[in-house]
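In what follows, chains are A, B, ... by sequence order, proteins preceding strands, each numbered from 1. Everything numeric in this text was worked out from a predicted model, so none of it was measured. All heavy atoms count here, side chains included; hydrogens, waters and symmetry mates do not.
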Amino acid sequence: MLDIGFVRDNIELIKKVIKNKGEDLDISCFIELDKQRRKLILKRDEKRRKRKEISKKIGELKREGKDTESREKEARRLTKEVKSYDESLSKIEDDINEILKRIPNIPHQSVPVEGDEIVIRKWGNKREFDFEPLSYLDLCNSLSILDLKRGVKVSSTSFPLYKGDGAMLERSLINFMIDTHISRGYTEVFTPFLVNRESMYGTGQLPKLEYDMYRIEKDDLFLNPTAEVPITNMHKNESILLEKLPIKYVGYAASFRREAGSYGKDTKGLIRVHQFNKVELVKFTYPDNSYDELESMLEDVEVILQQLGITYRIRLLPVNDMSFASAKTYDVEIWAPVLKRWLEVSSVSNFEDFQARRAGIKFKGGGKTGYVHTLNASGVALPRLFISLIENYETSDGTVKIPDKLIKYMGKQEIINR
RNA sequence: GGAGGGAUGGCCGAGUGGAAGAAGGCGCACGACUCGAAAUCGUGUUUCCGAUAAAAGUCGGAACGGGGGUUCGAAUCCCUCUCCCUCCGCCA
């Protein structure tokens, strides 16, 4: 959410951002609503001031045993007036809030508007094969490390089931990534997977994306679409002491997405699934250095891929590709040499104070208070990493070599074979 | 699921209809004392909204878990929701 005063002073800029981010929102009535709101507050507060004065007097007179009837009558009238102002006011404030919570975040000035491909960095080489490689799905089938059919049987389509060395590889990757991030200064957290409505609102998934989430209707809880939600909301409605910043968390969570409306695209295999594992990084920072923290967070993600020897590139997303709450986002994409595709495994974003204002996450200290900046990144999402890893490490005899860094996590196993 | 108790400032904790943004303590900040520190003494120490101002600030309003009600007036009375604690039940 943006500050109401900022919206008041930057209405044209905001209209432009709404258009560039492709949101469907009309804010033309905001200025008038805001004017009315402030006018009403002024009037109401004046009535309240008068009533307060009279009430105080009544108290004094009563103690002296004097008659207060005429004053009580006056105060009754004022109370009625205050009430009627309050009613109009809360109506207007509801309207204003409906608008405010649907206004997307303002992009950072370094973010380009139009969709040219802006690759800011590449690492590694695209693997070339001197044999006919198998697709990751064929290879996983022949090695019996994925059992997607049985995943469908126990749940439904696009709920993957890993088996044997596949399950262990998944678990090894999670542990490897968490350990690596811990060694780089992150504190591990393991959060609930189900989150409440307020949390979903706090990080900005609601109200826009309600239909994309799994929801437990009976308890009005949502299955987290990303660990960003539970981790960022850990500090919901808190004031964090300045000297504790930055706070850096790493956490694993299974993530759930209905992917409504994306049927027909990547429906096969692991590229787009309803449940997937993800290791998430979240930072709470002092506003002045959040962009430095964004860069270092990007490096934290890169280190994972470098250690696994996975070729990647980094794109700076233009405004029209950015999410609702983000001010600046890098996408990290890894190369899948058999699919011959770049696969997104992480979005590294600075939300500035947009989420913090929604969730009430403040800092205080040194005589100052304000909203913290929140950042997050996947470090990284598992299914696509799994794909790329299988394809990058498959051998001509139909086995998969385990990357050096993972061997200790695989019980010293160096190869996956039949 | 049933019965009872509770939620007050950074923390502890008083306060059951009027002069209370809230006693007292702790903590913290500044000052005095000191060579310096501790101890002691003094002063200060919440946030939000609106108006005004270039700004510091000044003025007004609001806030005692959330929402609603009673009343001229609510931390205090009533209703409701959430959360925490104790006991019983159920279950891993």
Side-chain angles (χ1 to χ4, degrees), chain A residues 1-9 30-101 190-202 206 215-222 230 233-245 247 284 286-287 353-354 356-372:
Chain A
M1 189 156 71
L2 299 173
D3 177 66
I4 189 167
F6 178 88
V7 176
R8 184 150 63 222
D9 298 336
F30 176 85
I31 291 290
E32 188 49 39
L33 287 170
D34 178 63
K35 238 184 238 167
Q36 281 180 39
R37 167 174 171 268
R38 283 181 295 158
K39 211 161 82 189
L40 283 169
I41 288 173
L42 217 55
K43 286 186 181 167
R44 181 203 55 188
D45 284 357
E46 176 56 21
K47 299 287 180 196
R48 284 215 278 226
R49 191 193 61 75
K50 268 192 201 158
R51 185 191 60 191
K52 213 165 140 179
E53 200 180 279
I54 293 172
S55 290
K56 208 167 168 182
K57 190 76 189 166
I58 291 172
E60 284 169 26
L61 292 173
K62 286 223 161 148
R63 242 167 285 131
E64 294 165 15
K66 290 182 181 160
D67 176 61
T68 57
E69 188 43 49
S70 69
R71 282 176 215 269
E72 283 189 34
K73 210 169 146 192
E74 169 75 358
R76 255 193 299 273
R77 208 198 73 220
L78 286 167
T79 297
K80 246 183 218 160
E81 285 178 354
V82 167
K83 237 175 219 169
S84 113
Y85 280 128
D86 271 336
E87 273 165 30
S88 325
L89 195 57
S90 73
K91 232 186 216 162
I92 285 179
E93 286 186 330
D94 284 351
D95 290 348
I96 289 177
N97 282 332
E98 272 313 298
I99 293 172
L100 281 182
K101 69 188 187 192
F190 187 69
T191 60
F193 289 179
L194 271 65
V195 298
N196 59 33
R197 181 171 285 278
E198 199 183 58
S199 294
M200 290 289 273
Y201 171 76
L206 292 182
R215 179 173 161 224
I216 312 290
E217 199 168 341
K218 199 172 165 193
D219 301 297
D220 203 26
L221 291 171
F222 295 82
N233 280 287
M234 280 171 61
H235 293 292
K236 180 164 67 185
N237 297 323
E238 288 184 18
S239 284
I240 302 167
L241 292 176
L242 208 52
E243 59 264 30
K244 305 244 173 169
L245 297 177
I247 295 174
F284 301 83
Y286 186 68
D353 61 8
F354 190 84
R357 186 173 288 108
R358 286 168 96 92
I361 309 170
K362 298 182 168 181
F363 69 84
K364 67 173 168 193
K368 281 201 284 189
T369 62
Y371 291 105
V372 300

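- With hydrogens and angles ignored, a donor-acceptor pair closer than 3.5 Å exists between the side chain of A:Arg63 and the base of B:rA19.
- The only member of A:Glu72, A:Lys66, A:Arg71 that meets side-chain hydrogen bond (donor to acceptor under 3.5 Å, both in side chains) when paired with A:Thr68 is A:Glu72.
- The C1' atoms of B:rG13 and B:rC90 are separated by 38 Å, rounded to the nearest whole Å.
- Using C1' as the reference atom, B:rA63 and B:rA20 are 14 Å apart when rounded to the nearest Å.
- The pair A:Arg38-A:Asp34 counts as a salt bridge, with a side-chain nitrogen and a carboxylate oxygen less than 4.0 angstrom apart.
- Heavy atoms of A:Lys83 sit under 4.0 angstrom from primed sugar atoms or phosphate atoms, though from no base atom.
- Comparing the same atom, P, in B:rA74 and in B:rG18 gives a spacing of 11 Å after rounding to whole Å.
- Separation of the P atoms belonging to B:rG2 and B:rG60 is 50 Å when rounded to the nearest angstrom.
- Taking the C1' atom of each, B:rC26 and B:rC78 are spaced 36 Å apart, rounded to whole Å.
- Salt bridge status for A:Glu87 with A:Lys83: absent, with no side-chain N to carboxylate O gap under 4.0 Å.
- For RNA chain B, each stem of at least three Watson-Crick or G-U pairs (distances under 3.5 Å) is given as range with range: B:1-7 with B:82-88, B:10-12 with B:24-26, B:27-32 with B:40-45, B:46-52 with B:57-63, B:65-69 with B:77-81.
- For the pair A:Lys56 NZ and B:rG60 P, the computed distance is 11 Å after rounding to whole Å.
- For the pair A:Ile4 and A:Arg37, the tightest heavy-atom approach, listed with the atom from each and the gap, is CD1-NH1, 3.8 Å.
- Note: NZ (A:Lys80) to P (B:rG73) measures 12 Å, nearest angstrom.
- Across the protein-nucleic acid pair, A:Ile92 atom CD1 and B:rG50 atom P stand 14 Å apart, rounded to whole Å.
- If you take atom C1' in B:rG31 and the same atom in B:rU86, they sit 49 Å apart, rounded to whole Å.
- If you check distances only, the side chain of A:Asp45 does reach the base of B:rG60 with a donor-acceptor pair under 3.5 Å.
- Per the geometry, NZ belonging to A:Lys362 stands 7 Å off C1' belonging to B:rC48, to the nearest Å.
- Look at CD on A:Glu198: it is 18 Å from P on B:rC81, rounded to the nearest Å.
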